[in-house]
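Residue numbers count from 1 along this sequence. One-based numbering, in listed order, for ligands and for the atoms of each.
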Amino acid sequence: MKKRNRKLILFLSLTFSVVLLSACSSKVAKYNPNESLGKQINYTITGIEAGAGEMTTTQKAMKAYGLTNSKWQLQTSSTAAMTSTLAKSVKNHQPIVVTSWTPHWMINKFHLKFLKDPKNIYGKSEDIHTIVHKGLKKDKPEAYEMLNRFNWKPDQMADIMLKVNNGENPKTATVKWMKQNQQQVNSWTKGIKHVHGQSIKLTYVAWDSEIASTNLVANVLRSLGYKVEIQAMELQPLWASIATNAADGMVCAWLPNTQGLYYKDYKGKFDDLGTNLKGAKVGLAVPSYMKNINSIEDLKN
Ligand code: PBE
């Protein structure tokens, strides 16, 4: 009797494993260009942090392109979770649609292509602005001047992001970058009076792009004698930290589209020092093996 029971359990667990395995393997089906994409991806766009500007824009885009009928959803997660899902999908040639942006290593690493956006919901291109608290020019004119001058190129930012993604410490990576780009760094600091241990606080969101820019600017301010604190937080508190003078500045404002809502909400409570990087981009993207998906309009098919 006992033996029979054991056999039964063994049989049941084997059957269960087979069912489980086949259920999983149907989930890892490869991208099939002849089948409706929506169905293959469970009508789900893989997103990032709830507060990210890109999530708001994507919700707008889904409405504009008719990806609404209760089936479609934008999945909230985190940038790290999104890139790891992306890595798995790409490895197995599965279909996936993600909220993407550049500068970011995900584009090259996973051979992504941005989907065309004929309704121009994401805007043609984005710039990254430096935003400081209103009293900074008076309180810390040296830092204000440096932050006002700070500007660099997407390739330069991507270079640091890649190194950090490969395991280098952000502080070390940015110090090295400063040594290799001394002329440019000099142009941000030349003629600015050194301070002696005055403190300054920069806030940022821990996206790779912002980790790179914020660490770089922090080091440059240190070279001017500042005692710099950098603090990571979510996007809404980031804007609030500047508006309420809890922090001195940030270099993470993707505009005019991506963080446009926050810009509008806090208008009048910050100083916009203009662009520090031109030619960023935000939009939906798919791996290049999804050959017949080229526009957001193709998602519905
Ligand atoms: N991002 C990366 C940000 C800005 C930097 C596109 C995820 C966003 O606000 O959505």
Side-chain angles (χ1 to χ4, degrees), residues 45-62 74-86 97-110 112-115 117 120-131 150-162 164-165 170 202-217 230 232-243 249-266 270 272 275-286 296:
I45 294 173
T46 306
I48 51 170
E49 294 83 0
E54 182 164 13
M55 293 294 273
T56 316
T57 317
T58 301
Q59 262 144 6
K60 246 194 254 165
M62 288 171 80
L74 172 61
Q75 192 178 14
T76 303
S77 65
S78 67
T79 302
M82 186 265 276
T83 47
S84 98
T85 307
L86 193 53
V97 179
V98 295
T99 55
S100 185
W101 64 93
T102 175
H104 198 282
W105 46 265
M106 71 174 121
I107 309 288
N108 288 331
K109 185 162 182 181
F110 301 125
L112 300 185
K113 62 177 174 189
F114 276 106
L115 298 180
D117 174 20
N120 203 24
I121 306 295
Y122 290 92
K124 278 207 184 66
S125 105
E126 289 276 285
D127 297 327
I128 308 179
H129 289 227
T130 300
I131 304 283
F150 169 61
N151 75 91
W152 60 337
K153 299 254 153 20
D155 281 353
Q156 300 183 305
M157 180 188 246
D159 180 38
I160 295 182
M161 289 166 78
L162 194 67
V164 173
N165 184 245
L202 303 176
T203 43
Y204 69 111
V205 184
W207 286 309
D208 298 45
S209 39
E210 281 51 52
I211 291 174
S213 54
T214 307
N215 274 279
L216 175 60
V217 166
I230 67 173
M233 52 186 63
E234 298 208 1
L235 191 56
Q236 194 273 332
L238 170 76
W239 280 87
S241 72
I242 306 299
M250 60 105 147
V251 291
C252 326
W254 289 50
L255 294 165
N257 253 289
T258 309
Q259 294 168 20
L261 272 183
Y262 296 105
Y263 195 89
K264 233 173 89 195
D265 276 0
Y266 290 105
F270 58 76
D272 178 0
T275 58
N276 62 53
L277 182 143
K278 278 201 164 90
K281 188 177 163 59
V282 171
L284 293 181
V286 299
I296 305 179

Once you measure the plane-to-plane angle for His104 and Trp101, does it fall in the parallel (<30°), tilted (30-60°) or perpendicular (>60°) bin? perpendicular
If the plane angle is over 60° it's perpendicular, under 30° parallel, otherwise tilted; pick one for Tyr262 and Trp239. parallel
Any N or O on [X] sitting closer than 3.5 Å to an N or O of ligand 1?
X: Gly53; answer: yes
X: Trp101; answer: no
X: Trp207; answer: no

Quick one: pull up CH2 in Trp207 and CE in Met161 and give me the separation to the nearest 0.5 Å. 11.5 Å
Enumerate the atoms of ligand 1 whose separation from the nearest heavy atom of Leu235 is less than 4.0 angstrom.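 Taking each heavy atom of Leu235 in turn, ligand 1 has 9 (O) under 4.0 Å.
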Numbered atoms of ligand 1 (with element) below 4.0 Å of Thr258, judged on heavy atoms: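 So the answer, numbered in order with elements, is 8 (C), 9 (O), 10 (O).
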Please report which non-hydrogen protein atom sits nearest to atom 7 (C) of ligand 1, along with the residue it belongs to and the distance in Å to one decimal place.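 Sorting protein heavy atoms by distance from atom 7 (C) of ligand 1 puts Ile48 CD1, 3.4 Å first.
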Among protein heavy atoms, which lies nearest atom 10 (O) of ligand 1, and at what distance? Glu54 N, 2.9 Å
Find out whether Val251 and Leu202 are in side-chain contact, i.e. whether some heavy atom of one side chain is under 4.5 Å from a heavy atom of the other.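 Contact flag for Val251/Leu202 side chains = no.
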With no hydrogens and no angle check, do the side chains of Asp208 and Trp105 hold a donor and an acceptor under 3.5 Å apart? yes
Checking Glu126 against Thr258: is there a side-chain donor and acceptor pair closer than 3.5 Å? yes
Report the part of His104 (side chain from C-beta onward, or backbone N, CA, C, O) that has a heavy atom under 4.0 Å from ligand 1; answer both or neither where that applies. neither
Using side chain to side chain donor-acceptor pair (under 3.5 Å) as the criterion, point out the one residue from Thr58, Asn257, Asp117, Thr57 that pairs with Tyr122. Thr58
What do you reckon, does Glu210 put a non-hydrogen atom under 4.0 Å from ligand 1?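 Per 4.0 Å heavy-atom rule, Glu210 contacts ligand 1.
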